[in-house]
Structures are given as C-alpha cells and as structure tokens.
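Numbering of residues begins at 1 and proceeds along the displayed sequence.
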Amino acid sequence: MKRIRIFVFGFLLLTGALLCTNAFAADPSICNADANIEFYENGPVKTCTLKDPYDANNITCKGSGAISFYADGKLEACMLYEEAAISGIRCKPDALISFFNDGKLKSCTKQEH
C-alpha cells in the first residue's frame, strides 16, 4: 500500500511539473489570424503578429506588432505599445523591447528626455 501511495504521489508530481512548464505559454488566439504563427516542437507559440495589445512582464506589447516567446512561454521580445520604465530605464514606445528568460530587461530603445 505504501508503494502505491509513493507511486501515485510521484506520478502527480511529474504530471504537475510537465503541465507547469507550459502554464504561461501564450495561446495562439492572441495572434492575428492572417499572420504566420511559428510554434516550438512541444506546442507553445514561438512567434507571431499580435491581433491586439498584449500584456506581459508589466508592459503592453503593441497590437499588430511582432511578438516572440521563449520555449517555456515567457516573453522574449515585442514592439512596445507605450513608454515603459523598467529598472530605471525609460523605454520608447513603437520600438523593440526584449527580455532575458528570467524576465529582466535585455534591451530597448531609450526614451529621449
């Protein structure tokens, strides 16, 4: 009986871990229906053109702009919808913004003072 409990518990942990891997993956419905949608082999959206503005990483990505995600579903890059201040850096709207996989700012076009 104890072995069965251990097996069931292990199975549940493994299943949960696999499901959580893509828990934050973007749904293809965020993409413009007329645009190409590129997927990772395991299913999540890799890149597409947005149909509407999209909120992620405390910023808003511009609708009709390109967006890309890491394999785990975290935002990699997009066109910034409006000015954003990240880690003390003011990023310009209508320009590319990108993030490292841990969510920290990788690059953006600085807003002129």
As an exercise, state the distance from NZ of Lys46 to OG of Ser68, rounded to the nearest 0.5 Å.
9.0 Å

Specify the closest pair of heavy atoms between Cys31 and Ile37, including all atoms of both residues, with the distance to one decimal.
CB-CD1, 3.7 Å

Indicate yes or no: at least one non-hydrogen side-chain atom of Pro93 is less than 4.5 angstrom from one of Gln111.
yes

Look up atom CD1 in Ile30 and atom SG in Cys61, then write down how far apart they are to the nearest 0.5 Å.
8.5 Å

Look at atom CZ of Phe99 and say whether more than 12 heavy atoms of other residues, nucleotides or ligands are closer to it than 6.0 Å.
yes

Atom pair CD1/OG of Ile97 and Ser107 - distance to nearest 0.5 Å
8.0 Å

If you draw a 6.0 Å radius around CG in Asp102, do more than 12 non-hydrogen atoms from other residues or ligands fall strictly inside?
yes

Hydrophobic cluster membership, Tyr54 vs Tyr81, 4.5 Å side-chain cutoff:
no

Value for CE (Met79) from OG (Ser64), rounded to nearest 0.5 Å, stands at 9.0 Å

State yes or no: do Phe39 and Leu50 share one hydrophobic cluster built from I, L, V, M, F, W and Y residues joined by side-chain heavy-atom distances below 4.5 Å, directly or via other members?
yes

Would you say that Glu76 contacts Phe69 through its side chain, given a criterion of any heavy-atom pair below 4.5 Å between the two side chains?
no

Run the salt bridge (charged side-chain N to carboxylate O under 4.0 Å, His left out) test against Lys106 and tell me which residues pass, sequence neighbours left out.
none

hydrophobic_cluster_shared for Leu75 and Ile86, side chain cutoff 4.5 Å:
yes

Would you say that Ile67 contacts Thr47 through its side chain, given a criterion of any heavy-atom pair below 4.5 Å between the two side chains?
no

Go through it in stages, so that I can follow the logic: the residues are Cys108 and Ile89, the test is side chain to side chain contact (heavy atoms under 4.5 Å, CB included), and I'd like the CA-CA distance, side-chain angles, deciding distance and then a yes or no.
CA-CA 9 Å; Cys108 74; Ile89 299 171; 4.0 Å; yes

From CA spacing to verdict: salt bridge (charged side-chain N to carboxylate O under 4.0 Å, His left out), Glu83, Lys92
CA-CA 5 Å; Glu83 181 182 313; Lys92 186 177 181 176; over 6 Å; no

If the condition is side chain to side chain contact (heavy atoms under 4.5 Å, CB included), which residues does Asn101 pass it with, not counting sequence neighbours?
Tyr70, Asp72, Lys74

Any side-chain heavy atom of Cys91 within less than 4.5 Å of one from Thr109?
no

Residues two or more places apart in sequence or in another chain: which of them pass salt bridge (charged side-chain N to carboxylate O under 4.0 Å, His left out) with Asp52?
none

Pair Asp55-Thr60, side-chain donor/acceptor within less than 3.5 Å:
yes

For the student: nearest non-hydrogen atoms of Lys62 and Asp94, plus distance:
NZ-OD1, 2.7 Å

What's the shortest heavy-atom distance between Ala71 and Pro44, and which atoms?
O-CG, 3.7 Å

Return yes when atom CG of Asn36 has more than 12 non-hydrogen atoms of other residues, nucleotides or ligands closer than 6.0 Å, and no otherwise.
no

Please examine the side chains of Cys78 and Ile59, heavy atoms only from C-beta on, and report whether any two atoms are closer than 4.5 Å.
yes

